[in-house]
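Some notes on the structure that comes next.
For the numbers below, each heavy atom of this structure counts, side chains included, while hydrogens, waters and symmetry mates do not. Whatever order the structure lists ligands and atoms in, that order sets their numbers, starting from 1.
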Amino acid sequence: MRVFLASRNTKKILEMQRILAEHVPDVEVLGITDVDGYDEPVEDQPTFAGNALLKARAGVAATGLPSIADDSGLCVDALNGMPGVLSARWAGQRLGDKELADARNNELLLEQLRDVPDERRGAHFACAVAWVRPDGSERVVEGRMDGRIVREQRGSGGFGYDVVFVAREHDAEGLTSAELEPGEKDRISHRGRALRELAPYVAADLTSAD
Ligand SMILES: O=P(O)(O)OP(=O)(O)OP(=O)(O)OC[C@H]1O[C@@H](n2cnc3c(O)ncnc32)[C@H](O)[C@@H]1O
Ligand SMILES: [Mg+2]
């Protein structure tokens, strides 16, 4: 059975495929790059769930396939929950180059938090995953990963803000999410938690559609 993954972020797609594959066997995943002239919606909703639904609905409209979309971001306590839904473009750019955008976003965030003391550097990643079927049925699940923002970038795994984020589970060693093995990030991540909650529904829907 084929499923459409409505994302342009190749590292996010890798994580989603990795997590899904463990729980939904025999699923063939297509992505935005498999669809000529894919019309990406503007992510203009105030919530992760709203944007995830928007992206998944666009996937169904473009492909006729059941579609999954993830909308996620970093919520920093000292910034009143920002960058939040603006995480991908916090430094303002709409760059095609994701690596450059990530680097600028991290530099800006660290600068904004320069005078924030250690005890007030709490943050969490949030993720909403939407599952939309061609018959119009919709489901959204959410997950989060709590932790803190460190003072310098560390690590080369993951993507986005992983280099500045230490999850609560790794607070003692001070390992950033970018320093974790992929399987360990999946185990504790916002995306892993949300997708594992969604997986049984995806598996059941795909089985009944066969
Ligand atoms: O919308 P799509 O095409 O899926 O890809 P995107 O990268 O634009 O994804 P979002 O709109 O959901 O923005 C999420 C941003 O939040 C950050 N982010 C989300 N999950 C993350 C994670 O697991 N680790 C680090 N940063 C993350 C990162 O900057 C992402 O670009
Ligand atoms: Mg996006």
Side-chain angles (χ1 to χ4, degrees), residues 4-19 29 31-35 38-59 62 67-76 79 81-110 123-130 140 142-150 153-167 170 175-180 182-195:
F4 184 70
L5 219 56
S7 175
R8 266 226 192 266
N9 182 332
T10 48
K11 291 182 178 164
K12 183 201 270 188
I13 292 173
L14 263 179
E15 287 190 9
M16 293 178 77
Q17 284 184 304
R18 201 164 64 209
I19 299 161
V29 173
I32 284 182
T33 49
D34 297 312
V35 180
Y38 188 82
D39 195 12
E40 259 177 89
V42 177
E43 298 173 27
D44 60 0
Q45 296 300 297
T47 62
F48 296 110
N51 281 325
L53 272 170
L54 199 86
K55 290 189 260 190
R57 286 177 191 146
S67 300
I68 299 178
D70 158 309
D71 196 63
S72 45
L74 179 69
C75 306
V76 178
L79 298 177
M82 302 296 265
V85 291
L86 303 177
S87 291
R89 47 204 142 113
W90 189 234
Q93 69 281 58
R94 281 193 158 272
L95 299 170
D97 185 341
K98 265 265 162 216
E99 307 276 320
L100 189 56
D102 286 352
R104 295 248 176 95
N105 286 338
N106 281 309
E107 281 159 24
L108 176 61
L109 183 73
L110 289 182
H124 69 271
F125 276 112
C127 172
V129 180
V140 183
E142 300 196 68
R144 65 184 272 166
M145 169 165 66
D146 291 287
R148 62 182 164 90
I149 306 298
V150 292
Q153 307 192 26
R154 288 200 303 272
S156 54
F159 65 97
Y161 299 93
D162 280 333
V163 288
V164 298
F165 182 86
V166 170
H170 293 280
L175 287 179
T176 67
S177 302
E179 294 178 300
L180 301 178
E184 175 58 8
K185 181 181 171 188
D186 296 346
R187 186 181 74 82
I188 61 173
S189 80
H190 48 315
R191 183 163 299 107
R193 292 181 205 275
L195 271 174

Could you establish whether D71 and ligand 1 come within less than 4.0 Å of each other, counting only heavy atoms on the residue side? yes
Quick one: which of R191, K12, K55 gives a salt bridge (Lys or Arg N to Asp or Glu O under 4.0 Å) with D71? K55
Is the closest heavy atom of S177 to ligand 1 under 4.0 Å? no
Atom 29 (O) of ligand 1: closest protein heavy atom, distance to 0.1 Å, is Y161 CE1, 3.3 Å
Numbered atoms and elements of ligand 1 in range of K55, under 4.0 angstrom, heavy atoms: 1 (O), 2 (P), 4 (O), 10 (P), 11 (O), 12 (O)
Whether E43 has an N, O or S atom under 2.8 Å from the Mg ion (ligand 2): yes
Which heavy atom of the protein is the closest neighbour of atom 14 (C) of ligand 1, given with residue, atom name and distance? S72 O, 3.0 Å
Where ligand 1 meets S7 - atom numbers and elements under 4.0 angstrom, heavy-atom basis: 2 (P), 3 (O), 4 (O), 5 (O)
Out of R8, K98, M145, R191, whose heavy atom is nearest to atom 6 (P) of ligand 1? K98
Tell me yes or no: between the side chains of H170 and E184, is some donor less than 3.5 Å from an acceptor? yes
Subset of ligand 1 atoms that lie under 4.0 Å from at least one heavy atom of K185: 22 (C), 23 (O), 24 (N)
About how many Å separate CZ of F4 and CD1 of I32, when rounded to the nearest 0.5 Å? 5.0 Å
Among all protein heavy atoms in this structure, tell me which lies nearest to atom 18 (N) of ligand 1, with the distance rounded to 0.1 Å. F159 CE1, 3.9 Å
Supply the atom-to-atom distance R193 CZ to I188 CD1, rounded to the nearest 0.5 angstrom. 7.0 Å
S72 OG to E142 CD distance, which is reported to the nearest 0.5 Å: 11.5 Å
What class does the angle between the rings of H190 and F125 fall in, given that below 30° is parallel, 30 to 60° is tilted and above 60° is perpendicular? parallel
Which atoms of ligand 1 have any heavy atom of H190 under 4.0 Å away? 20 (N), 21 (C), 22 (C), 23 (O)
Per atom 8 (O) of ligand 1, closest listed option by heavy atom (G160, A88, A101, A52): A88
Per-atom contacts of ligand 1 with D162, taking only distances under 4.0 Å to non-hydrogen atoms: 22 (C), 24 (N), 25 (C)
What is the nearest protein non-hydrogen atom to atom 16 (O) of ligand 1, stated with its residue, atom name and distance? S87 CB, 3.4 Å
Here the atoms of ligand 1 under 4.0 Å from any heavy atom belonging to E43 are 1 (O), 11 (O)
Hey, does E15 come in under 3.5 Å of ligand 1, counting only N/O atoms on both sides? no
Counting only heavy atoms not in D44, do more than 12 sit closer than 6.0 Å to its CG atom? yes
If you round to the nearest 0.5 Å, how far is CG of L5 from CE of M16? 4.5 Å
Does the side chain of V166 come within less than 4.5 Å of R154's, by heavy atoms? yes
Rounded to the nearest 0.5 Å, what separates atom CG in D70 from atom CG in N9? 8.5 Å
Nearest 0.5 Å, what's the CZ-CD1 distance between F159 and I13? 10.0 Å
Nearest heavy atom to atom 5 (O) of ligand 1 wins, so pick from N9, N106, D70. N9
Just to confirm my output: which protein heavy-atom neighbour is closest to atom 9 (O) of ligand 1, and how far is it? K12 NZ, 2.9 Å
